[in-house]
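See structure below.
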Amino acid sequence: MPDDVMQRVISVIAETQRIPRESINPESTFEELKIDSLDGINILFAIENEFNINVPDEAARSIRSIREMAEGVEKLLANA
Amino acid sequence: LPGPLRFPNGAEVAGYEPRSHFDEKQLSYLDDFAQFVLVAAREAVRDSRIEFRNGLGSRTAIVTGCGAGGQQTMDDGFVDLYDKKTPRVNPLTVPRVMSSAGASHISMEFGITGPAFSISSACSSSNHALGQAFWLLRAGVCDVAIAGGVESVFSYGFLKAWEAMRVVSPDTCRPFSRDRKGLILGEGAGLLVLETLDSARARGVKIYAELAGLGMSSDAHHITQPSAEGAANAMRSALADGDIPLESVGYINAHGTGTAANDATETRAIRRVFGAHADRLLVSSTKSMHGHALGAAGALEAVATVLAIHQSCVPPTANYTEPDPECDLDVVPNKARAASIDAALSNSFAFGGLNAVLAFRAMR
């Protein structure tokens with residue numbers, strides 16, 4: 001996966017959650033970062049805007065970690 | 001629609017023709033939601049054969065639940081301002097948008113001069129409204145009340161807001177089913193005529209059921225996630241308020257939105273309150289058929305609950321395909337069931353943890 005997608009995902013999450021970038025790494029889970037379901041949809045909204053993609057509800061439901069989110073974005077960008 | 005929408009289905013009021021209920025002049029004052037309120041109030045008044053004469057109008061209350069008010073009117077105003085850049089908006093915007101407009105129009109139409117107001121607690125609005133009307137009667141403030149709730153959801157801005165919540169199903173609403181994917185938005189109004197037993201007996205009219213208890217609680221938990229304890233507290237309070245023993249409850253009309261979180265949490269709450277009796281309860285979600293009508297939900301479900309008692313027939317949970325171990329109750333899948341019901345609950349658990357449960361009892 002290109003590093004910049006991961007870095008941009010981390011930036012979006014840091015901004016949305018108002019937490020330091022350094023507290024997030026690719027292996028962090030949403031649970032560790034105390035991201036609940038409402039935070040999750042807020043992050044998805046920011047991700048959709050950042051990458052100009054549409055994340056389907058079905059795909060959104062299964063994402064539990066930063067890596068899964070970055071991989072999901074990758075896949076959507078590839079299919080765009 | 002002016003743009004894309006991720007979900008194709010919604011439970012609109014079928015075949016609704018505003019002009020067969022109102023003239024053009026009236027319609028200019030009425031957002032869709034206020035039209036729904038008036039149509040439902042007329043039906044309720046007709047069915048109850050009540051007449052507001054000889055001072056009864058001043059002994060009658062009106063309490064309507066409504067989550068959002070005149071969203072279509074608001075949308076239209078925003079399009080004028082921000083898109084068409086018009087220098088002014090329709091002067092009827094405020095009287096059409098205000099969520100209490102339904103109560104006002106009922107008051108004017110029937111000459112009802114007692115207490116009238118609107119209650120807003122998102123998806124619990126109707127149950128809070130019916131509950132307040134019930135307590136006004138119990139306290140002796142009024143003899144009669146017209147109460148229930150309303151919502152109109154099919155404006156593009158409002159639908160997009162719900163799309164962003166990611167709780168709307170891409171196909172249909174399958175409450176308690178393992179493959180459930182969310183709710184389906186619905187709209188409409190439910191209004192009930194409540195009156196004291198003395199008043200109903202004096203009029204010699206058909207009594208559908210007794211509204212016996214109201215239970216209210218708040219979760220103090222989260223702005224969207226449900227809590228089993230908050231839900232359980234509201235059910236317990238409703239039973240206590242109506243002095244209803246657990247074992248006499250035969251049916252629960254569930255909040256049952258069809259989201260992953262609600263249905264599992266509600267199941268836990270029901271088990272927590274009812275213990276072993278939970279396995280003898282019939283629990284169904286009529287949202288599987290009329291959709292989630294938000295501020296109108298509790299009123300539509302109160303009607304379903306009352307008729308289940310009155311007709312000894314429990315409505316099903318439609319669209320059910322597969323059992324979910326997290327929702328292991330008898331959810332009356334897909335087929336209505338004949339059952340004699342002594343007492344029933346109707347649950348509403350709103351976003352933000354505002355819970356209201358009504359308890360109904362059969363008139364024997």
Side-chain angles (χ1 to χ4, degrees), chain A residues 5-6 8-19 23-24 26 28-80, chain B residues 1 3-10 122-123 157-174 177-185 219-228 230 257-266 268 292 321 324 326 349-354:
Chain A
V5 169
M6 176 62 82
R8 281 164 74 191
V9 165
I10 290 176
S11 296
V12 166
I13 292 172
E15 261 170 56
T16 315
Q17 290 298 102
R18 314 279 198 275
I19 54 177
S23 66
I24 308 170
S28 305
T29 64
F30 286 179
E31 204 181 344
E32 286 161 6
L33 296 171
K34 297 191 169 49
I35 294 170
D36 71 16
S37 59
L38 187 59
D39 294 329
I41 59 174
N42 202 23
I43 289 168
L44 284 167
F45 170 66
I47 291 277
E48 288 182 328
N49 287 333
E50 168 73 18
F51 293 96
N52 194 24
I53 52 175
N54 281 307
V55 183
D57 290 345
E58 198 76 359
R61 250 189 289 275
S62 58
I63 298 169
R64 297 270 178 277
S65 70
I66 306 300
R67 184 168 297 283
E68 283 170 12
M69 178 157 279
E71 283 169 0
V73 169
E74 260 309 291
K75 209 181 293 175
L76 287 167
L77 287 171
N79 294 338
Chain B
L1 295 176
L5 190 66
R6 216 155 39 219
F7 53 89
N9 296 320
C123 307
F158 201 55
L159 294 172
K160 289 299 279 185
W162 278 95
E163 176 190 81
M165 287 298 304
R166 295 181 183 270
V167 291
V168 182
S169 170
D171 47 29
T172 191
C173 175
R174 306 182 191 282
S177 191
R178 190 174 196 153
D179 57 353
R180 64 189 179 278
K181 291 188 178 128
L183 55 86
I184 287 290
L185 289 167
D219 294 347
H221 172 56
H222 193 275
I223 195 65
T224 56
Q225 283 169 14
S227 135
T257 53
T259 62
N262 175 81
D263 298 359
T265 307
E266 186 167 10
R268 280 202 305 281
H292 191 348
T321 54
D324 180 348
E326 287 199 87
F349 308 129
F351 268 172
L354 310 186

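Remember, predicted model here, so these are calculated numbers, not experimental data. Residue numbering restarts at 1 for every chain, and letters A, B, ... go by the order of the sequence lines.
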Item to check | Verdict with supporting geometry, A:L38 and B:Q225, side chain to side chain contact (heavy atoms under 4.5 Å, CB included) | outcome: CA-CA 8 Å; A:L38 187 59; B:Q225 283 169 14; 5.9 Å; no
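Heavy atoms of B:R166 lying under 4.5 Å from chain A belong to its backbone as well as its side chain.
The local environment of CZ in A:F51 is crowded, with over 12 non-hydrogen atoms from other residues, nucleotides or ligands closer than 6.0 Å. Residue-environment remark: CG (A:N52) stays at or below the threshold of 12 foreign heavy atoms within 6.0 Å.
Between atom CD of residue B:E163 and atom CD1 of residue A:I41 there is a gap of 11.5 Å, rounded to the nearest 0.5 Å.
Contact tally against chain B (heavy-atom pairs below 4.5 Å) for A:N42, A:N54, A:D36: the top residue is A:D36.
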